[in-house]
Amino acid sequence: MTDSQTNSEADPPSGPGADLHLELRGPGLRAGLTHALRDAVRTGRLAPGTRLPPSRSLAADLGVSRNTVTDSYTELVAEGWLTARQGSGTLVAERAEPGRAEPSPRARPAPERPTYGLRPGSPDLANFPRAQWLAAARRALTAAPHAAFGYGDALGQIRLRTALADYLARARGVYAEPERIVICSGFHHGLALMARALRSRRVRAVAVESYGLDLYRDLLTDAGLRTPAVHVDEHGARTDDLERLEGIGAVLMTPAHQYPTGVALRPDRRTAAVEWARRTGGLILEDDYDGEFRYDRQPVGALQGLGPDRVVYFGSVSKSLAPGVRLGWMVLPAELVPEIVAAKGYGDYMSSALEQLTLAEFLTSGAYDRHVRSMRLHYRRRREQLVTALAHRAPHIHVRGMAAGLQAVLELPLGTELSVTREAARRGLAVSGLAEFRHETPESGRRLPRQDALVVNYAAPSDSAWKGALDVLCGVMP
């Protein structure tokens, strides 16, 4: 703002300036005045075209120096909030109103958030061990060498890989050496790395179970891999389907607790799967997503223990702690380690060193084991409450699958799945039908039998929401 413009404010050509009611905040008078004026313009209290008081008048009203007002006006002119022309004083700048975007013809209104959520996939987030995790983080950061905060090893922090090797051998029967463990950001990240490595090996197809998450099938498909189905029955994946499928280089399985049907892979099929991999040179991709949670007996050990040379073991803390921690791991056959490290170099080279060190401390201190034991008891009680409620209020509904994991499958009369999920949604309950997870392809020569069922996550609701969710669920049973 020039001196001539400032002087012209003392005698504006017509009428007084706006009567401002400004509350000055901030560490300095000029900054406080600038902020107050900017906010008044932004919120519309000062409309476009409004003439502001001359700098001398406003300074007197506010009890500040004239230079303070002049500097604030100058700054806001430079930002485009105000305009100043000689002989016209200082005015609020004209601004184009943001146009209202025309709705896309395909746009749909956002769905209302359900009152209760029983969709599978999430643990009880309210029980994340905040205090224990914070204590582990403090200890880990205090003890961490300076080198830990550098770019580090693509395999991951050695402290975490060493801790995992011990834990997985003890708790899951996994043959794991730190040099064969690669840290990733969860199963999805690990599977993406594996898909890249398989494509480099000229693999063209990865068999998947006939019930599972389409998210992972889509990931494999996007990598250029076909996903023929291995059918699932009450004893897990039909591993004899592997003999019928042509051109597959790997199979993705959930042997300890099939997702989402909740059954364990029968012992003879576990052996058959490993024999297939050794005979053909194929790989078994083992997703051990909730292997720690078995309620009627000790958890079944990982399939990897039967064939460490042919099984890629995937684990994470997404179900045992929380998906937001974003940490998982792959235990690899030695020959695959360089290929996965090379694949990792194309994208996320390493996960957060701070989170890795914290998880390592959480494991070695025993806090992880204590948390898993606590949550195992919590989820077992939830499952028992679900079974008891159904036995009293819907005794014709059978709960299928093992007493394990975070979800249960509720068998429904044929032809009722869609109507039940719709009625649940109408009452504010989000729940998944088994059909959402169905995957059928012609290669195996089998057709999936018709099954109507709900996949119910009894782990995720908070304690305050659980009773209401259970009441609505029982109320929509056919």
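Numbers here are sequence positions counted from 1.
- Ion pairing of E292 with R376 is absent here, as no side-chain N (NZ or NE/NH1/NH2) approaches a carboxylate O to less than 4.0 Å.
- Residues L164 and I183 approach most closely at CD1-CD1, 3.7 Å, considering heavy atoms.
- Environment of CZ in R130: sparse, with no more than 12 heavy atoms of neighbouring residues, nucleotides or ligands closer than 6.0 Å.
- Within the 4.5 Å cutoff, the side chain of L354 has heavy atoms near those of the L141 side chain.
- A donor-acceptor pair under 3.5 Å is formed between the side chain of R382 and the backbone N or O of Y458.
- Around NE2 of H392, the count of heavy atoms belonging to other residues, nucleotides or ligands within 6.0 Å does not exceed 12.
- A side-chain donor from one of Y368 and S320 sits under 3.5 Å from a side-chain acceptor of the other.
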Please lay out, stage by stage, how L321 and L359 fare under the test side-chain contact (heavy atoms from CB on, under 4.5 Å). CA-CA 10 Å; L321 287 172; L359 180 58; 4.2 Å; yes

Taking it one step at a time, do I181 and M330 satisfy side-chain contact (heavy atoms from CB on, under 4.5 Å)? CA-CA 6 Å; I181 297 175; M330 310 164 68; over 6 Å; no

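- P308 has its side chain out of reach of Y313: every pair of non-hydrogen atoms, C-beta onward, lies at least 4.5 Å apart.
- Judged by distance alone, the side chain of H396 and the main-chain N or O of P478 form a donor-acceptor pair under 3.5 Å.
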Begin from the C-alpha positions of E75 and R38 and carry the test salt bridge (Lys or Arg N to Asp or Glu O under 4.0 Å) through to its verdict. CA-CA 10 Å; E75 183 173 340; R38 186 189 295 114; 3.6 Å; yes

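- Under the salt bridge (Lys or Arg N to Asp or Glu O under 4.0 Å) criterion, the residue pairs touching residues 199-213 are R201-E335, R201-E339, with sequence neighbours excluded.
- Put simply, the side chain of R326 gets close to the backbone of S185: a donor and an acceptor are under 3.5 Å apart.
- The two residues A334 and R180 come nearest to each other via the heavy atoms N-NE, 3.9 Å.
- Scored by the ring pair (Phe, Tyr, Trp, His ring centres under 6.0 Å) test, Y116 finds no partners at all (sequence neighbours excluded).
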The test is salt bridge (Lys or Arg N to Asp or Glu O under 4.0 Å); show your working for R270 and E286 and say whether it passes. CA-CA 11 Å; R270 291 164 65 93; E286 179 180 13; 5.6 Å; no

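- Using a 4.5 Å heavy-atom threshold, the side chains of W133 and T358 count as touching.
- Between the side chain of D214 and the main chain of R217, no donor-acceptor pair closer than 3.5 Å is present.
- Judged purely by atom type and a 3.5 angstrom limit, D452 uses its side chain to pair as donor or acceptor with the backbone of T416.
- One finds the CG atom of L473 at 6.0 Å from the CG atom of L410 (value rounded to the nearest 0.5 Å).
- For the atom pair L160 CG and T364 OG1, the distance stands at 10.0 Å (nearest 0.5 Å).
- Here the side chains of L327 and S316 are not in contact, with every heavy-atom distance at 4.5 Å or above.
- L155 is listed as a side-chain neighbour of V341, based on a closest heavy-atom distance under 4.5 Å.
- Not a single donor-acceptor pair under 3.5 Å links the side chain of R294 to the backbone N or O of G291.
- A donor-acceptor pair is defined here as one N or O able to donate and one able to accept, closer than 3.5 Å; no such pair exists between the side chain of T162 and the backbone of R159.
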For side-chain contact (heavy atoms from CB on, under 4.5 Å), just list the numbers for T271 and W276, CA-CA rounded to whole Å, side-chain angles, deciding distance to a tenth of an Å, and then say yes or no. CA-CA 9 Å; T271 302; W276 167 84; over 6 Å; no

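- Using a 4.5 Å heavy-atom cutoff, the side chains of H188 and L219 are in contact.
- Partners of R238 according to the side chain to side chain donor-acceptor pair (under 3.5 Å) rule, which considers only residues two or more places apart in sequence or in another chain, are D240.
- Listed by first then second residue, pairs satisfying salt bridge (Lys or Arg N to Asp or Glu O under 4.0 Å) with a partner in residues 135-144 read R139-E361, not counting sequence neighbours.
- Summarising the geometry of A237 relative to V230, their closest heavy-atom pair is CB-CG1, 4.0 Å, with the distance given to 0.1 Å.
- Side chain of Q258 to backbone of T261: a donor-acceptor contact under 3.5 angstrom is found.
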Where do E384 and Y295 land on the side-chain contact (heavy atoms from CB on, under 4.5 Å) test, with the steps shown first? CA-CA 10 Å; E384 289 172 351; Y295 313 127; over 6 Å; no

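- Remark: side-chain polar atoms of R310 are not paired, donor with acceptor, to backbone N or O of V274 under 3.5 angstrom.
- Counted by atom type alone, Q385 and W466 present one or more donor-acceptor pairs between their side chains at under 3.5 Å.
- Contact between P413 and I397 at its shortest, heavy atoms only, is CD-CD1, 4.4 Å.
- Here the straight-line distance linking atom CD of Q157 with atom CD of Q356 works out to 5.0 Å at 0.5 Å rounding.
- Of all the heavy atoms in M402 and A256, the pair that sits closest is CE-O, 3.3 Å.
- Here the closest non-hydrogen pair linking P228 and I248 is CG-CG2, 3.8 Å.
- Ring-plane geometry between Y379 and F293 is classed as perpendicular, the angle between the planes exceeding 60 degrees on a 0 to 90 degree scale with a lower cut at 30.
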Counting only pairs under 3.5 Å, give me each side-chain donor-acceptor contact of residues 168-179, with atom names and distances, residues two or more places apart or in other chains.
{"from": "R170", "atom 1": "NH1", "to": "D369", "atom 2": "OD1", "distance (Å)": "2.9"}
{"from": "R170", "atom 1": "NH2", "to": "D369", "atom 2": "OD2", "distance (Å)": "3.4"}
{"from": "R172", "atom 1": "NE", "to": "D288", "atom 2": "OD2", "distance (Å)": "2.7"}
{"from": "R172", "atom 1": "NH1", "to": "V300", "atom 2": "O", "distance (Å)": "2.8"}
{"from": "R172", "atom 1": "NH2", "to": "D288", "atom 2": "OD1", "distance (Å)": "3.0"}
{"from": "R172", "atom 1": "NH2", "to": "D288", "atom 2": "OD2", "distance (Å)": "3.3"}
{"from": "R172", "atom 1": "NH2", "to": "V300", "atom 2": "O", "distance (Å)": "2.9"}
{"from": "Y175", "atom 1": "OH", "to": "E177", "atom 2": "OE2", "distance (Å)": "3.1"}

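- Judged by distance alone, the side chain of S210 and the main-chain N or O of V232 form a donor-acceptor pair under 3.5 Å.
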CA sep, side-chain torsions, deciding dist, call: F314, Y289, ring pair (Phe, Tyr, Trp, His ring centres under 6.0 Å): CA-CA 8 Å; F314 295 85; Y289 69 99; over 10 Å; no

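- A salt bridge links D153 with R161: the distance from a Lys NZ or Arg NE/NH1/NH2 to an Asp or Glu carboxylate oxygen falls below 4.0 Å.
- Side chains of Q451 and Y211: a donor-acceptor N/O pair is present below 3.5 angstrom, by distance only.
- Between R269 and E275 no salt bridge is recorded (no basic side-chain N to carboxylate O distance below 4.0 Å).
- One finds the CG atom of L412 at 12.0 Å from the NE2 atom of H398 (value rounded to the nearest 0.5 Å).
- M253 has its side chain within reach of L265: a pair of non-hydrogen atoms, C-beta onward, lies under 4.5 Å apart.
- Under the 4.0 Å criterion applied to side-chain N and carboxylate O atoms, E417 and R422 are not assigned as salt-bridge partners.
- Taking 4.0 Å as the cut-off between side-chain N and carboxylate O, R426 and E423 count as a salt-bridged pair.
- For residues 252-264, there are no salt bridge (Lys or Arg N to Asp or Glu O under 4.0 Å) pairs, not counting sequence neighbours.
- Side chains of D241 and H231: a donor-acceptor N/O pair is absent below 3.5 angstrom, by distance only.
- Residues R119 and N457 have side chains not in contact (no heavy-atom distance under 4.5 Å, counting atoms from C-beta outward).
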